[in-house]
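Scroll down for the structure; my scribbles are underneath it.
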Amino acid sequence: MVFLTKWSTTPMPHRQHLRRFLSSATVRAPAPIPARRVPRSSGTSAQSARIRELGRLGRLSEAREVFDAMPFHDIIAWNSMISAYCNNGMPDAARSLADTISGGNLRTGTILLSGYARAGRVGDARRVFDEMPLRNTVAWNAMVTCYVQNGDIPLARRLFDSMPSRDVSSWNTMLTGYCHSRQMMDARKLFEQMPERNMVSWMVMISGYVLIEQHGKAWDIFRMMHYEGMSPEQPNLVSVLSAISNLGNLNILESIHAFVHKAGFERDVVISTAILNAYTRGVGMLDTAVKFFEGMTERNEYTWSTMIASLSQGGRIDDAVAVYQRDPIKSVPSRTAMLTGLAQCGRINDARILFDQILEPNIVSWNAMITGYMQNEMVDEAEELFNRMPFRNTISWAGMIAGYAQNGRSEQALVLLQALHRNGMLPSLSSLTSSLFACSNIEALETGKQVHSLAVKAGCQYNSYVCNALITMYAKCRNIGFVRQIFDRMTVKDTVSYNSLIAALVQNNMLEQARDTFDNMPDRDVVSWTTIISAYAQADQGNEAVEMFRSMLQVHELPNSPILTILLGVGGNLGASKLGQQIHTIAVKLGMDSGLIVANALISMYFKCGSADSLKVFDSMEEQDIFTWNTIITGYAQHGLGREAIRMYQQMESAGVLPNEVTFVGLLHACSHSGLVDEGRQFFESMSSDYGLTPLLEHYACMVDLLGRAGDVQGALQFIYDMPIEPDAVIWSALLGACKIHKNVEIGRRAAEELFSIEPFNAGNYVMLSNIYSSQGMWDEVAKVRKLMKEQGVNKEPGCSWMQIKNRMHSFVTGDEEHEQIQDIHATLWELYTLLKATGYVPDTEFVLHDIDEEQKESSLLYHSEKLAVAYGLLVTPKGMPIQIMKNLRICGDCHAFVKFVSHVTKREIDIRDGNRFHHFRNGNCSCGDFW
């Protein structure tokens, strides 16, 4: 198959190697061996055991050397080599070897069948099953297991029902299928029908209830097992402990501990380690686990590694190091757990020193070190280590492919997939899904189709993980038709599948279909709710997002941090401070308010709502990251508080936090809205000279805005001419806005011409040019602009203002006649108008874009949306109560003057957030100092 790759970015040199790829699913098996009758026994057990051991370690080439060096092979040797291939994701190589045997046995076919099953190749597994001349119960069980492993429970049940005879393993396999697919009612019914049960039966049921988080029922099954006289032996008790270790209930774990003591297993190190593991998995039980660990009279290597891993994962890396130092043996598992913990907390150099101290690291240690490098974005180091590995297994390849894809090297991920295939191995499910993720990252549709073809040839195209990855890939590549086909053909659709489809529909602007899919889901999880709530928020349907959140709470689904962050964003965008406060209260109750992501969202929301609570949240935070500082600097900028923004920047520097590009956008924005020209220039120069940051278009736009607002329109134009990069619409729009403020017709016309070329359908540009012309009485030019808008089919965006009164949002548009109290609002406006004119207010009619008489202009100005909102606020709120209004566009000069007079006459505090910034009106003055 030719690799006809369409990359969305500039090709890189190594892509040239992707010429032919995935030519067939058949791996390059070793040279055929002539068919022969295989002896049944020959005393080759030592070599066969060595082959199995090397296969377990992933050292297949060495295993094959041992096999080929044997003077003769009995069936055990053949099966050992075939099993080694299957266990390492190479079922085709195993099949090629098996085809050379004329005396294979039932076990040979069962090994092959299971190998294909593990690789997700259900069709090939079924062919092996159908070709077997004889089948015993083990073979039937293996085929049922294949269907179960790959999520096809209906087919598994049909095969189970057709079995000529069944043993307890048959029943347990089917029981496992129901439990893994969360069909616990069917599982319980089958469990009750079982003619006999063994410890595995009980353990599977316990695991099934744990999986659906019905921990109480899991505990009930355990007690029922005990009451029926089923006393678990040590291995089975370990399995039971593992199954119910996620209960997270200290009382239940203490009861199990007591049971272990009564059963005489108290001093059994394996059982004690299993109990320790159960304690470490419980939420908030790490201290209890440490106490249990310290009381253990005997410990093995897994006891030490369990404690080290748990402390590391719990963020207590120093305690983990202390435990590691006490380990008298410091076995390979113990060292591996320690280096994993060090890597996870960013101490990657310490992890590497520990790795180098392992004399003979096993493949788990190699994989852990490579994963650590990838987690710390040290891709080159991971690559160097991968190339040095003496042997690799499928996890090694999968880890590298995933690491490349997750660290922005998607092309290299696909090159490595090619190398994997050249080495005679079919990719694992993890490698396939990571490769599809890589295709999604670079929107490489044609490459994705070829990986899809490989999945089909590998027989795992119906695997839910692969299907979900395919849905995501095709959605990212805007191929919604393939998305639908894959979803419709899935044999098993789990919650993740539905979530993937909803996300795909949202990505392709199909919100209505996404909602239909959500409504028809058999089950939903928090990700389902997050996806649909986020979709409404991104579509500027904040009210729908809030309604979905209320529905979520009604079904007792607790929100996660992303949902709270999304809703805080909705509250901020709408200026709905009461909604934001309610979400804040929920975050506090759930203990999520102190998390960085939620805390940063709270700061942003309160700033957007004009609330000083933003500073309270900031001061209460135990730690701040760069996003925190950027949020508060940007918040001050929105309020025109340039000096305060600079002060926060200086605090950030003192705290040792390095600024990034976003920091300087906030600083320049703050300087622009405060007239701090010299300071703005200094920050712009500091970006590159002090921090090595290259200014982006956003920074240049801020500088144009800074110079233009300060009155240096000519200097702003020259700045654009001197830019090393091509100016975009934002930069020309900043210049046009400055020309509007300072009534510069010549440069305004020049900026508008550029904007009409770049974005001909943006009505705001036409309106700003019209404003410039009308301010100079150039009505012929205004008419020309209006004519041009008509020819282009451009409509002016209406001014809209809104405010929240008693948990209800009220909106107004210019000239509004729809509000239920519009007559009272108009009457209030006229009273205000008469009163204000008597106190010195003079309507500024230059903001009227029509050549009409002065009286008509004044009447037109009177019904701007923000004036209607102010009048309504005065009408329905108690005297002295502050009024807060949001507006979609920049407030016009006349409305600005009007509200200043209103704040003076009524003694009200009035806050208006327009499309650019906040205006805080107090006693006839505005916080912007008339500079906006």
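With Y766 contributing its side chain and P760 its backbone, the two residues share a donor-acceptor pair below 3.5 Å. A donor-acceptor pair under 3.5 Å is formed between the side chain of W802 and the backbone N or O of L574. At least one donor-acceptor pair under 3.5 Å links the side chain of N888 to the backbone N or O of P798. Side chain of T585 to backbone of Q581: a donor-acceptor contact under 3.5 angstrom is found. At distances below 3.5 Å, at least one donor-acceptor pair connects side-chain atoms of H742 with backbone N or O atoms of G708. Checking side-chain atoms of Q884 against main-chain N and O of C609 turns up a donor-acceptor pair under 3.5 Å. Under the 3.5 Å distance criterion, the side-chain polar atoms of N916 are left unmatched by any main-chain donor or acceptor of R890. A donor-acceptor pair under 3.5 Å is absent between the side-chain atoms of R908 and the main chain of I883, judged by distance alone. Under a 3.5 Å cut-off, the side chain of D525 and the backbone N or O of V527 do form a donor-acceptor pair. For S672 (side chain) and L668 (main-chain N/O), no donor-acceptor pair under 3.5 Å exists by modelled atom type.
Taking NZ of K887 as the reference point, atom CD1 of I912 lies at 9.0 Å (rounded to 0.5 Å). A distance of 8.5 Å separates CG of L667 from OG1 of T634, quoted to the nearest 0.5 Å. Atom OH of residue Y872 and atom NE2 of residue H810 lie 3.5 Å apart, to the nearest 0.5 angstrom. Rounded to the nearest 0.5 angstrom, K879 NZ and K907 NZ are separated by 13.5 Å. With values rounded to the nearest 0.5 angstrom, L602 atom CG is found 12.5 Å from M592 atom CE. Atom CG of residue N499 and atom OG of residue S528 lie 3.5 Å apart, to the nearest 0.5 angstrom.
Between R515 and E512 there is no salt bridge, since no side-chain nitrogen of the basic residue lies less than 4.0 Å from a carboxylate oxygen of the acidic one. Salt bridge status for D613 with K616: present, with a side-chain N to carboxylate O gap under 4.0 Å. We find that R750 and E753 are not joined by a salt bridge, their nearest charged nitrogen and carboxylate oxygen being 4.0 Å or further apart.
Using a 4.5 Å heavy-atom threshold, the side chains of Y863 and L829 count as touching. In this structure the side chain of V782 never reaches within 4.5 angstrom of the side chain of M778, judged on heavy atoms. F756 is not listed as a side-chain neighbour of Q792, based on a closest heavy-atom distance of 4.5 Å or more. Within the 4.5 Å cutoff, side-chain heavy atoms of M648 are placed close to those of Q651. Using a 4.5 Å cut-off on side-chain heavy atoms (C-beta onward), F901 and T839 make contact. Two residues are said to be in side-chain contact when any heavy atoms from C-beta on lie closer than 4.5 Å; V570 and I583 fail this criterion. In this structure, the side chains of M768 and C739 stay at 4.5 Å or more apart for every pair of heavy atoms. Contact annotation: the side chain of I586 approaches that of L553 to within less than 4.5 Å [non-hydrogen atoms, C-beta and beyond].
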Step by step, would you call E547 with R550 a salt bridge (charged side-chain N to carboxylate O under 4.0 Å, His left out)?
CA-CA 5 Å; E547 286 303 315; R550 287 179 179 145; 2.7 Å; yes
Set out, in order, the CA-CA distance, both residues' side-chain angles and the distance that settles side-chain contact (heavy atoms from CB on, under 4.5 Å) for V677 and L707, then state yes or no.
CA-CA 7 Å; V677 178; L707 296 171; 4.1 Å; yes
Apply ring-ring contact (aromatic ring centres under 6.0 Å, His included) to residues H584 and Y606 and explain how you reach the verdict.
CA-CA 10 Å; H584 191 175; Y606 280 125; 5.7 Å; yes
If you apply the rule side-chain contact (heavy atoms from CB on, under 4.5 Å), what do you find for W830 with L862, and how did you get there?
CA-CA 8 Å; W830 273 108; L862 186 59; 3.8 Å; yes
Report the C-alpha distance between Q714 and L717 in whole Å, list the side-chain angles of each, state the deciding distance to 0.1 Å, and finish with yes or no for side-chain contact (heavy atoms from CB on, under 4.5 Å).
CA-CA 5 Å; Q714 185 63 50; L717 179 61; 4.2 Å; yes
I would like to know whether N573 and D540 meet side-chain contact (heavy atoms from CB on, under 4.5 Å); could you show each step before the answer?
CA-CA 9 Å; N573 292 335; D540 291 328; 5.7 Å; no
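The minimum heavy-atom distance linking A729 with L755 is given by the pair O-CD2, 3.3 Å. Residues A701 and V730 share a closest heavy-atom pair of CB-CG1, 3.7 Å. For the pair R643 and E679, the tightest heavy-atom approach, listed with the atom from each and the gap, is NH1-OE2, 3.1 Å. Smallest separation of non-hydrogen atoms from E866 and I885: O-CD1, 4.2 Å. What you find for L596 and M621 is that their closest heavy atoms are CD2-CE, 3.6 Å. Contact detail for G572 and K608: the closest heavy-atom pair is O-CB, 3.5 Å.
Using the six-membered ring where Trp is involved, F921 and H919 have ring planes that are parallel, under 30° apart on the 30 and 60° scheme. A parallel orientation is assigned to the rings of F812 and H819, their planes being inclined by less than 30° (bins at 30° and 60°). Using cut-offs of 30° and 60° for the angle between ring planes, the H920 and F918 rings count as parallel.
A cation-pi contact links R524 to F518, judged by a cut-off of 6.0 Å to the six-membered ring centre and 45° from its axis.
Residue-environment remark: NE2 (H904) stays at or below the threshold of 12 foreign heavy atoms within 6.0 Å. Summarising the local packing, CG of D780 is surrounded by 12 or fewer heavy atoms from other residues, nucleotides or ligands at distances under 6.0 Å. The environment of E746 atom CD is sparse: at most 12 non-hydrogen atoms of other residues, nucleotides or ligands sit within 6.0 angstrom. In the displayed structure, N543 atom CG is contacted under 6.0 Å by at most 12 heavy atoms of other residues, nucleotides or ligands. Annotation: L590, atom CG; neighbour count of heavy atoms from other residues, nucleotides and ligands within 6.0 Å is above 12. Annotation: E817, atom CD; neighbour count of heavy atoms from other residues, nucleotides and ligands within 6.0 Å is above 12.
In this model, a donor atom of one side chain and an acceptor atom of the other lie less than 3.5 Å apart for Y841 and D894.
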